[in-house]
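Contents: one structure, followed by commentary.
Scope of the values below: all heavy atoms of this structure, side chains included, with no hydrogens, waters or symmetry mates. Labels below follow one simple rule: chain letters A, B, ... track the order of the sequence lines, proteins then strands, and each chain is numbered from 1.
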Amino acid sequence: MNYIVNCGKKHAVAIDRKGELNKPFEISVDKSKYSVGVRRLKEDGSILTLMIDHKVVPIDVERRGDGMPVRVFLKGVPFDVEISKVASTRFRPELPEREISGEVCAKLPGQIIEFMVKEGDAVEAGAPVCILDAMKMENEIVAPKKGTVSKISVETNAVLAKGDLILVIE
Amino acid sequence: MNYIVNCGKKHAVAIDRKGELNKPFEISVDKSKYSVGVRRLKEDGSILTLMIDHKVVPIDVERRGDGMPVRVFLKGVPFDVEISKVASTRFRPELPEREISGEVCAKLPGQIIEFMVKEGDAVEAGAPVCILDAMKMENEIVAPKKGTVSKISVETNAVLAKGDLILVIE
Amino acid sequence: MFKRVLIANRGLIQANCVRAVKELGATAITIYEEEDRDSAGVRNADEAYELEMRDPRQRPYLDLEQIVELAETQKVDAVHPGYGFLAQNGKFATELESRGIRLIAPREDGRFNTANKFRVKVSAERAGMPVLKGSEVFSDRETLLLAAKSLEYPMVLKAAHGYGGIGMRVVQSLSELESAFDHIQATTRKFLMNSPEVFLEEFVHGARHIEFPILRDKSGRTIVFPELECPLQRRFQKLVMETPAPHLDPSMRAQLQSEIQVLCDRLNIEGFASIEFLIQGGKPHFLEINGYIQPSHTATSLLTGVDLLKEQIRLLSGESLNVDHSCTIPNHHVIGTYVYAEDPEMNFTPSPGKVDRIYLPFGEGVFMQTSIFSGARISPFYDPMVAKLLVRGCSRNEAMLKMGIALEEFFVEGVKTNIPLMRGVFKSKEFKNGTISPEFIENADNRRKLVDSLKSSKDFEVAALVASMSLHQDGETLRKIEVMEAEQGSSSVLGAATRWLKPRKSRRKL
Amino acid sequence: MFKRVLIANRGLIQANCVRAVKELGATAITIYEEEDRDSAGVRNADEAYELEMRDPRQRPYLDLEQIVELAETQKVDAVHPGYGFLAQNGKFATELESRGIRLIAPREDGRFNTANKFRVKVSAERAGMPVLKGSEVFSDRETLLLAAKSLEYPMVLKAAHGYGGIGMRVVQSLSELESAFDHIQATTRKFLMNSPEVFLEEFVHGARHIEFPILRDKSGRTIVFPELECPLQRRFQKLVMETPAPHLDPSMRAQLQSEIQVLCDRLNIEGFASIEFLIQGGKPHFLEINGYIQPSHTATSLLTGVDLLKEQIRLLSGESLNVDHSCTIPNHHVIGTYVYAEDPEMNFTPSPGKVDRIYLPFGEGVFMQTSIFSGARISPFYDPMVAKLLVRGCSRNEAMLKMGIALEEFFVEGVKTNIPLMRGVFKSKEFKNGTISPEFIENADNRRKLVDSLKSSKDFEVAALVASMSLHQDGETLRKIEVMEAEQGSSSVLGAATRWLKPRKSRRKL
């Protein structure tokens, strides 16, 4: 399969389709050739460790909602990536329109120490709606879009887990 | 429930039947009273850590084939125990006769480097039957009982996991 | 020595205090809240007591009443507060003393040192030390506006009883000054400072920050250790520690060591303290005295072989100093790096959560203090420090080399850390020649440059390769599932493709 | 310096060599067999190559041909053998030299030191050192019987090229002597010794075992470090290391240090070596020269701040010594404990397997070198050392205290270790007053006594309590299952009672 990846500059990546996960892959990036072995996998099948030209490389990949990689970490060092073309004989992940959700969730575990809005308030995109206290730091949480606060689902001083719903803007 | 346990000397242990796993138990041993909380459990339900009178105690228990404890480890320090009486309103584990098995298994992972017997040989209890090489050390494995070698199930140089069957004496 | 000592803190300092108390032959008693129950300090203590969450707005470790109650019912004869939390709390000290319990904190003339930055500054000035230009103390807005007129922006607003970067703000303008004032007044209560008093001080650009740890017993025997430098901070908290300070003229070290001796005698300090200076253009300015042992002092222990924590407890129990003076002259070089669970790319936003993978460095001259492990949960409620990495070399160069390699080996996944950033720091010219300023990495561009300096052109190819591999791998996984399901109708591996069946949230947009 | 260095070993020494080579700015290349693929050394190396298992009777790390091949194809200019395996192998050295590749092992007059114990003994005698009464070398049974007549039982039979306890036996009688001879002749091949030559030596009862590590460059500059003592062994392998040796008269230290200087000049040694002595009744006897860095030397690095591993590589690359002599006089006390995955109750039978739980000690003056973690698998095929725990104190007393507490905090479950036994050792009068003999714990009764010394009468009550609890807990579990099944017919938790449904084998009867 062939990929065009923006990372610093555009790179053409070709992975041999006949590659087997338990044998090293022959992968070419532009003019360079790499021998790549898959060393460790997570339960969900994603890759934890690669062996690239006899060097162990722990990796992590951040993905967009649709599963496309946006960020790669090589032993913790981040690289922004954008896959601009996937030439495949088998699958081509479709990229749906992403619409901004009005759901405001806790971006970190912590405690809500103040609300700046109440239900029914109109808010501008980017306006602060509440303060989340996490690790001695007060984190301002802002409205993701313009609209009206239709629902506040927690109370002041509530302790939240990452991802808990705080309020909804419609 | 009441238990009589030989450990150094005989101890009378009484555990309040109304005890709840998530609350501290009131347990008396002879004249002493202990407050005991269950801190961590293994998946199989056995206890990993106790909180005994406000002290964290990592424990491990070795059991006989029938499940009766024979050895207790307090943070790695071994104590021989024998439960001589279980006065229960609910269950009383039965202690079946234990007959010595003629199955000889690998007591350690390692490699069989030599057999002293072949199928059909008569052996005395305690006679060496093979050498298991583990960690630079040659471990002599002896016959658990008098009898005839009815079956040798691995070959010389075979690499064995702990518990693998080596041979059978009948 | 004390018989029963209560350690009123958590994390690394808790475990380290428990160890020190046990080495001194006393009973180590400690406290914990529910989610810290499996921590090393709790595990190793002789007795550990769980605190109730009596007030949702206040963490149990700050629950002064509850802790004093426990100290009394458990009949302890001393309390070690660690640092932060109640370490500088006057009320806490008084409550304990009134019950005949000693708070392990430095004394002045036998009284608890209320850690009043301003009073100490005045004493230092009287002792003939150069201090920073600044105002008197006050707690009302009117005086604030007046005082501000006598200094230039940027200036520093300090709470008289602030600690560890709390209650200290650099301000560029009057409006910033006023909001900083309001903020400090507000946080005074939250962080249990002893009074809302503040004062203003000139801001010294690109100054170097050094401190001299000292031990002094009640008969006045004193050891002034070699200086520590913290060349890098963020939010007034230390990221790197070095001892001795690079490029500090030995004669200045000797001079400051003797001036400090004078100051300590004058204040009649007993126990452990750390005397801080700002150095600009070769000129030292007295800054403050810290009355508690901080993570940075591990570097001094490694350099000198003196267990500061243990000595601090011994001295405050009334025993006398028996450390030999040879350790006041440095014979090696020690560098330490603090590792925090936070995201330098997001201006050091805390990154609590579960550690998925961790690789720790080790080897000759490489030392770790950490309690994290694969699977550990990092609390969102406390200081996000997760590890101290220290190296010792025969020279600063050797130490820098060791730190560079150790940070390459050090890898944590699941939470974001400053490890990659610090790799860049120790590779940088600025750090090597000692011209890096404490604020250097407060600047987002500098941070980006440091991390980018780690990337070879090959790395970009590899990153592109990895992105493609991960997508390819999804394909392989999908195919496997199709095959398996075809073969045995099994759906046991369906989880393998979850990200395709129900899209995951991107971890990137925080 | 070398450009590309191949590290031909595994485990802690592999990781430590990789680190040292990287700190020296060279490319660190290493080897591994399938089951070691996730180890720290492999992870941190610049390049790692998996070895094939070409012969089921020989571990790949001993596969001389394969490793030499790799060294050649990868164009390395030096090979670090670590210790054990190929460290002392003459053939390996020759094969490499013939390809222009340096083996990192000490030289005598520029030649590879074939580590012939007997030849070195002769040189030492010529240099005027006291040596042990013994025979010439021989390799035939006739000479054996003759030579035996000239000594008394017990005596020691040594292979001229043995190492690390291999090829060394204490014998009590002629029959033991003969079987020991056969065993050594047999193992000569297995452990790749350079020849089947052996010799006999008197056995010195209750002697103390000390060694002086040295560094020497090609121009003859030499550092003789303070002595290390290994007061406790089993199967001739070290369990405890201490530096400096307790109760060694400083004048004897100085005298031996200068005699060693003479011997090294005479042999014209280049690189790292360690000179071993037996001390009995205050009288030293030269024992042998070890040509490789052992785990024990970490203690010397901690005491002196000199990275021996790094210096060894530097010196053998032809660079010159630049370590300052201050480190030849000890200013602290260091104690180290080796932790092995083995069962002291079963006469130290190896206990390989999976680590279920592990708690590591840390804190001021407490240092660990280990690569185990919860979930780690310990190989049945190699030396079972899993960790080195070191402490540094201002005095031997402080160091012993620190070691005692650190061992209490140190806990490993899943594999048996010598940790509980060592807790007993450091509590014992014998260790404290330094009268413990190296063989002390070879005796099963002594081992039992040491472990029993840890048990308070309360502990027996607690053990009884725990036994009852575990049985009670089974009951609770069963009841839960009954309830659950009644409620929802769920059998998901049935595993919880497996021990009742299908009895488990007792782990006790090995």
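At a 4.5 Å heavy-atom cutoff, the contact between Asn44(D) and chain A is made by backbone and side-chain atoms alike. For chain D, the nearby part of Arg40(A) is the side chain; its heavy atoms alone come within less than 4.5 Å. Contacts of Ala45(D) with chain A are made by backbone atoms alone, with heavy-atom separations under 4.5 Å and no side-chain atom involved.
Residues of residues 49-57 of chain A lying under 4.5 angstrom from chain D, judged on non-hydrogen atoms, are Met51(A), His54(A), Lys55(A), Val56(A) in numerical order.
Around CZ of Arg54(D), the count of heavy atoms belonging to other residues, nucleotides or ligands within 6.0 Å exceeds 12. More than 12 heavy-atom neighbours from other residues, nucleotides or ligands sit within 6.0 angstrom of NZ on Lys9(A).
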